[in-house]
Number of protein chains: 2
Amino acid sequence: MTSDGRVARGDRTRTAVLDTAVSLATEVGLDGLSLAQLADRLGVSKSGLFAHWRSKEALQLATVDRAVTQWEERIVAPALRVPRGVRRLRALHEARIGFYAARVLPGGCFFANTEFEYNARPGPVRDRLAEASGRWTTFLERLVREAVELGELPADLDVPLLAYEIDALGISAVMRSRMLDPDVTYRHARQGLLNRLRALCPDPTLLTEGPS
Amino acid sequence: MTSDGRVARGDRTRTAVLDTAVSLATEVGLDGLSLAQLADRLGVSKSGLFAHWRSKEALQLATVDRAVTQWEERIVAPALRVPRGVRRLRALHEARIGFYAARVLPGGCFFANTEFEYNARPGPVRDRLAEASGRWTTFLERLVREAVELGELPADLDVPLLAYEIDALGISAVMRSRMLDPDVTYRHARQGLLNRLRALCPDPTLLTEGPS
DNA sequence: GAAAGAAGAACGACCGGTCGTATTTATTTA
DNA sequence: TAAATAAATACGACCGGTCGTTCTTCTTTC
């Protein structure tokens with residue numbers, strides 16, 4: 001951004017490049033991303049990329065950041081527009097499934113490919129992903145805690161454990177939907193959360209309607 | 001194997017190479033595996049590998065097969081030595097967690113790195129992994145069904161759904177243990193399964209003791 | 001001495017990265 | 001307003017290095 005708030009022309013092209021980089025890395029992996037291929041898809045020359053990022057690693061880092069932003073825009077933001085409580089928990093779950101379902105069919109999904117490439121390998125990329133994972137976990141636990149405070153879930157609930165169980169249903173949905181039948185996978189992921197909440201939630205009317 | 005059942009000398013060296021390849025791919029990923037590095041670690045020359053496999057791709061495929069075998073020896077086989085029913089389900093879960101925990105700390109884990117590299121990318125590697133995933137799912141459902149038939153779980157249980165939920169707790173344990181704290185992750189994975197079974201199992205004595 | 005096997009140099013292809021040049025864009029001058 | 005100049009950007013060619021793969025050479029063994 002320029003100092004007066006307008007979006008500089010360079011920033012626009014940067015974002016366009018990064019969006020393409022995310023979608024390319026979604027297909028071939030962040031490691032498999034080659035600058036020649038990226039430049040080809042963008043219709044620019046390879047050396048032009050070095051005008052915006054000093055190295056491939058810098059571009060990869062920016063790509064990760066962009067993917068994190070996309071994730072939060074696509075999953076976190078919509079859920080926050082739903083009333084808090086278990087309804088919001090289910091909306092988040094649904095948004096997550098939808099996010100992956102939408103991208104799994106044409107190609108892959110950035111996080112599904114990237115987190116597993118880089119986890120446990122020290123380095124700046126891993127650090128960013130670990131940071132994003134931590135933010136995500138904290139966010140999930142906050143949502144569960146809010147539902148408890150609203151009285152929609154038992155007061156003596158193990159909040160981190162339920163957050164983990166919810167996350168588990170989402171993660172496995174991502175993974176299994178790409179190896180096995182996506183339809184039954186997503187159905188199981190939805191039903192699993194519904195069962196879990198039904199067992200905990202004293203007010204059944206909160207769970208009667210389908211996913212928002 | 002030779003026709004009379006003895007293990008041919010060539011097969012022994014092939015297996016040794018593949019074990020090293022699995023452990024190397026566990027660290028750098030199946031894509032990141034380079035023949036020079038593999039030959040180095042084996043103390044042989046790069047061209048020697050071409051005597052056993054006609055191309056790198058053939059060696060990668062054999063590496064995947066070897067990893068699947070290791071998985072089944074390390075996780076499935078021990079669980080089958082435990083009495084069937086919910087005890088066996090918990091033993092399988094525990095074996096899975098232990099398998100990953102043992103390999104996560106030094107480096108990575110083959111499947112955690114590889115399945116996500118290759119899922120949704122068509123090709124022979126993906127096909128093998130999908131096939132192994134299907135076998136695993138079928139196996140899990142068989143174990144759940146056996147517990148139902150023993151009367152340890154309700155007769156009207158949704159078997160595939162519970163199998164999915166169990167698998168979900170394992171998958172997410174693998175994933176999260178590498179980005180976030182492994183100890184709390186594995187604890188959640190164990191407790192999650194215990195809670196789920198406790199809610200279903202009419203006989204509490206089956207769940208009193210700790211993991212085998 | 002001949003056959004077999006492994007070792008290592010040599011190959012084409014591709015990678016990330018650099019550089020000199022041409023083309024576009026913006027600013028100044030008449 | 002139109003022409004001229006300055007600045008920024010994009011481009012294709014090229015470099016060193018690594019990859020998978022092949023081919024030649026040398027050692028070993030019967």
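A note on names: the letters A, B, ... follow the listed sequences, proteins ahead of strands, and every chain is numbered from 1.
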Original post:
OP1 or OP2 of dG12(D) less than 4.0 angstrom from a side-chain nitrogen or oxygen of S45(A), does that happen here?
Top reply: no
Original post:
Can we say E94(B) and R90(B) salt-bridge, meaning some charged N sits less than 4.0 Å from an Asp/Glu carboxylate O?
Top reply: no
**OP:** Decide yes or no, distance alone: a donor-acceptor N/O pair under 3.5 angstrom between the base of dT21(D) and the side-chain of K46(B).
**Re:** yes
**OP:** Could you please name the option among dC19(D), dG17(C), dA7(C) that lies closest to any side-chain atom of A36(B)?
**Re:** dC19(D)
Subject >> Side-chain donor or acceptor of H52(B) paired with backbone N/O of V17(B) under 3.5 Å >> reply: no
Subject >> Separation of atom CG in L42(A) from atom P in dC11(D), rounded to whole Å >> reply: 10 Å
Original post:
Is there a donor N/O on one and an acceptor N/O on the other, under 3.5 Å, for the side chain of S55(B) and the base of dG20(D)?
Top reply: no
Original post:
Whole-Å distance between dC19(D) P and D31(A) CG?
Top reply: 14 Å
**OP:** Report the C-alpha separation of N113(A) and R178(A) in whole Å, then their side-chain angles, then the decisive distance to 0.1 Å, and conclude whether the side-chain contact (heavy atoms from CB on, under 4.5 Å) test is met.
**Re:** CA-CA 11 Å; N113(A) 284 328; R178(A) 315 182 73 195; 3.9 Å; yes
Subject >> Exercise: do S172(B) and Y164(A) side chains pair donor with acceptor under 3.5 Å >> reply: yes
**OP:** Report the nucleotide, chosen from dG16(C), dG20(D), dC19(C), that has the shortest atom-to-atom distance to any side-chain atom of S47(A).
**Re:** dC19(C)
Original post:
L49(B) CG to dC23(D) C1': how many Å, rounded?
Top reply: 17 Å
Subject >> Of the listed nucleotides dA7(C), dC11(D), dG20(D), the one nearest the side chain of V44(A) >> reply: dC11(D)
Subject >> Candidate nucleotides dC11(D), dC19(D), dT22(D), ranked by approach to the side chain of F50(B) - the nearest >> reply: dT22(D)
**OP:** Take atom NZ of K56(A) and atom P of dC15(C), then tell me their distance rounded to the nearest Å.
**Re:** 9 Å
**OP:** Send over the distance from L35(B) CG to dG20(D) P, rounded to a whole Å.
**Re:** 4 Å
**OP:** Would you kindly give the CG-to-P distance between L38(A) and dC15(C), to the nearest whole Å?
**Re:** 12 Å
Original post:
Considering only dC19(D), dA10(D), dC15(C), which nucleotide approaches the side chain of H52(A) most closely?
Top reply: dA10(D)
Original post:
N195(A) and Q191(A): side-chain donor and acceptor closer than 3.5 Å?
Top reply: yes
Original post:
To the nearest angstrom, how far is R54(B) atom CZ from dC23(D) atom C1'?
Top reply: 19 Å
